Number of protein chains: 2
Amino acid sequence: MKKSAVFDLAILGLLQESPLHGYELRKRLSALMGAFRAISYGSLYPALRALAEAGYISETGDKTAPGPALSSKRARITYSLTKLGANYLKELLQDSGPDAWEDEGFGVRFAFFAHTEEVVRQRILEGRRSRLAERSSQLKKSLANARDRIDQYTLELHRHGLEGVENELRWIEGLIAAENKTQRTGS
Amino acid sequence: MKKSAVFDLAILGLLQESPLHGYELRKRLSALMGAFRAISYGSLYPALRALAEAGYISETGDKTAPGPALSSKRARITYSLTKLGANYLKELLQDSGPDAWEDEGFGVRFAFFAHTEEVVRQRILEGRRSRLAERSSQLKKSLANARDRIDQYTLELHRHGLEGVENELRWIEGLIAAENKTQRTGS
DNA sequence: GACTTGTTATATCATTCCGATACATCATTC
DNA sequence: GAATGATGTATCGGAATGATATAACAAGTC
């Protein structure tokens with residue numbers, strides 16, 4: 001029943017900036033996720049339909065074209081955010097729970113930080129920081145334990161994994177510092 | 001029909017070292033994937049069953065216990081690699097195609113590098129290197145284009161993504177250099 | 001002894017999600 | 001004019017997840 005809220009957020013957030021059709025939406029979505037894999041149409045179109053049914057977005061396009069002239073232009077459905085959808089988006093942007101700082105969700109949330117309240121931003125960054133710190137200490141422990149028992153290659157793989165986590169941790173800490181500075185200065 | 005071969009490889013590779021039961025296997029599998037998410041039992045058990053049916057692994061355990069004494073010990077099925085499975089594993093370890101250097105597969109392949117031939121190792125590393133180089137240049141281009149058009153936060157997200165890719169690229173290049181050195185020195 | 005809590009262990013199922021594919025229009029290049 | 005490739009909407013089978021059920025056992029606690 002409760003589908004991926006992050007997904008909805010990404011769609012609504014992109015539509016907030018400007019109305020888009022599915023193809024373009026997918027491209028932006030993929031860009032948003034960055035290095036991650038692109039989402040498929042098999043996920044996108046059903047999600048759009050669900051959002052439309054819920055009244056959060058509206059479809060306008062040549063699909064429901066006035067009868068005769070449907071062959072003149074290419075079928076192309078433009079989705080735009082409704083007022084109801086804008087409210088829902090605002091609500092989603094308030095959330096600072098685990099979904100917001102776990103791996104799948106964080107990138108999307110961060111991308112919309114410009115539309116997120118200062119307090120919420122800080123909570124999310126702090127949540128992510130503590131998540132990464134926990135993972136880092138786990139990896140360190142596991143590395144220390146395994147040091148002698150395991151394969152050189154596996155060891156190197158884990159070492160590199162730890163390095164990546166610590167890199168992101170430093171990044172987050174820099175962001176938190178920047179947020180605090182901005183706050184004190186008053187934007 | 002052709003399920004995830006990487007998955008099979010990971011299971012067979014772990015069972016090669018020692019026979020294991022499902023629960024322990026899952027833990028090792030998760031550790032192997034490192035920071036990535038753990039695979040679920042809903043994937044593991046069907047996969048084990050399929051491998052058993054194919055004759056690559058054998059199940060031995062108290063499940064098929066001698067009738068009366070089945071309540072004495074906890075049900076626990078131990079899986080071990082068969083000769084057929086060992087051959088199949090060897091075959092899988094020969095592969096140096098795209099599956100071996102894409103994101104999902106590379107980590108697993110690398111973890112079993114100790115059981116992989118020198119030539120294959122080099123091909124896989126080179127494949128990964130070129131994959132990462134391509135991604136890096138794409139990201140750079142996209143960053144240069146977007147510089148002025150997009151959000152500060154989104155920009156920072158992409159910048160950090162690029163940083164991560166370049167980090168891994170340097171790591172891979174270091175590994176390639178190390179392999180070459182080892183090869184020239186003769187192990 | 002009875003109780004909770006936590007770990008080990010196997011198993012299934014609905015929902016979700018992806019990859020492939022099909023179809024069609026338009027722009028470009030040769 | 002015809003091939004190629006980008007744009008665009010849409011669906012389907014199969015695969016994977018997340019949640020959940022069940023159960024034996026261990027360790028502590030009251």
Side-chain angles (χ1 to χ4, degrees), chain A residues 1-11 14 19-31 33 36-53 57 59-65 69-79 98-99 102-105 108, chain B residues 1-11 14 19-31 33 36-53 57 59-65 69-79 98-99 102-105 108:
Chain A
M1 182 128 296
K2 190 186 63 173
K3 281 202 312 180
S4 163
V6 180
F7 205 50
D8 288 358
L9 174 67
I11 294 174
L14 284 175
L20 295 169
H21 50 267
Y23 188 81
E24 180 66 22
L25 194 49
R26 192 185 107 114
K27 281 203 302 186
R28 307 244 180 144
L29 239 25
S30 303
M33 314 292 188
F36 300 116
R37 65 176 169 285
I39 63 135
S40 72
Y41 293 118
S43 306
L44 179 58
Y45 284 114
L48 285 172
R49 221 169 296 136
L51 284 171
E53 269 172 38
I57 62 178
E59 311 176 350
T60 60
D62 311 5
K63 197 192 187 181
T64 51
L70 87 155
S71 64
S72 67
K73 289 222 170 186
R74 181 159 56 206
R76 169 190 246 247
I77 305 170
T78 304
Y79 301 90
D99 278 357
E102 286 303 320
D103 291 334
E104 348 81 56
V108 175
Chain B
M1 181 126 294
K2 191 187 66 176
K3 280 202 312 185
S4 163
V6 180
F7 205 52
D8 288 358
L9 174 67
I11 293 174
L14 284 174
L20 295 168
H21 51 267
Y23 189 81
E24 179 67 21
L25 194 49
R26 190 184 108 113
K27 281 203 299 185
R28 307 244 179 143
L29 238 25
S30 303
M33 313 292 189
F36 299 116
R37 66 176 169 284
I39 63 135
S40 73
Y41 292 119
S43 307
L44 179 59
Y45 285 114
L48 284 172
R49 225 168 294 135
L51 284 172
E53 270 172 37
I57 63 178
E59 311 176 347
T60 59
D62 311 6
K63 197 192 187 181
T64 50
L70 86 157
S71 64
S72 66
K73 289 222 168 185
R74 181 159 54 206
R76 168 189 245 252
I77 304 170
T78 304
Y79 301 89
D99 279 356
E102 286 302 320
D103 292 332
E104 347 81 58
V108 175

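Remember, it's a predicted structure, so these values are computed and weren't measured experimentally. Just so we're on the same page: letters track the sequence lines, and every chain starts at 1.
At the phosphate of dA11(C), neither OP1 nor OP2 sits under 4.0 Å from any side-chain N or O atom of Y45(B). Taking 4.0 angstrom as the limit, R49(B) places none of its side-chain polar atoms (N or O) nearer than this to OP1 or OP2 of dT10(C). Between S43(A) and dC18(C) there is a side-chain N or O to OP1 or OP2 distance below 4.0 Å. Side-chain nitrogen and oxygen atoms of Y41(B) include none within less than 4.0 Å of the OP1 or OP2 phosphate oxygen of dA11(C).
L29(B) has its CG atom 14 Å from the C1' atom of dA16(D), to the nearest Å. Rounding to whole angstrom units, CD of residue E59(A) and P of dG8(D) are separated by 17 Å. Between F7(A) atom CZ and dC18(C) atom C1' there is a gap of 11 Å when expressed in whole angstrom units. Atoms CD (E102(A)) and C1' (dT17(D)) sit 15 Å apart, rounded to a whole Å. For the pair K27(B) NZ and dT7(C) P, the computed distance is 10 Å after rounding to whole Å. When rounded to the nearest whole Å, the span between CD1 of I77(B) and C1' of dT8(C) equals 14 Å. Going from atom CD of E104(B) over to atom P of dC17(C) covers 19 Å, rounded to whole Å. The CG atom of L20(B) sits 14 Å away from the P atom of dT8(C) (whole-angstrom rounding).
With values rounded to the nearest 0.5 angstrom, Y79(A) atom OH is found 14.0 Å from E24(A) atom CD. Put simply, CD1 on I11(B) and CG on L25(B) are 6.0 Å apart, with the number rounded to the nearest 0.5 Å. Between the CD1 atom of I57(B) and the CG atom of L48(B) there is a distance of 5.0 Å, given to the nearest 0.5 Å. For the atom pair CD1 (I77(B)) and CG (L20(B)), the distance works out to 13.5 Å, reported to the nearest 0.5 Å.
Under the side-chain contact (heavy atoms from CB on, under 4.5 Å) criterion, E102(A) pairs with E104(A), R131(A), sequence neighbours left out.
The rotation axes computed at either terminus of the helix from dG1(C)-dC30(D) to dC30(C)-dG1(D) lie 30° apart, taking five pairs at each end and rounding to 10 degrees.
With dT17(D), dC18(C), dT7(C) as the choices, the nucleotide that has an atom nearest any side-chain atom of Y23(B) turns out to be dT7(C).
Heavy atoms of G22(A) sit under 4.0 angstrom from primed sugar atoms or phosphate atoms, though from no base atom.
Salt-bridge check for E53(A) with R49(A): failed, with every basic side-chain N at 4.0 Å or more from each acidic carboxylate O.
For the pair E24(B) and G42(B), both in contact range of DNA chain C, the more 5′-proximal nearest nucleotide belongs to E24(B).
Looking at heavy atoms from C-beta onward, I39(A) lies in side-chain contact with F7(A) at the 4.5 angstrom threshold.
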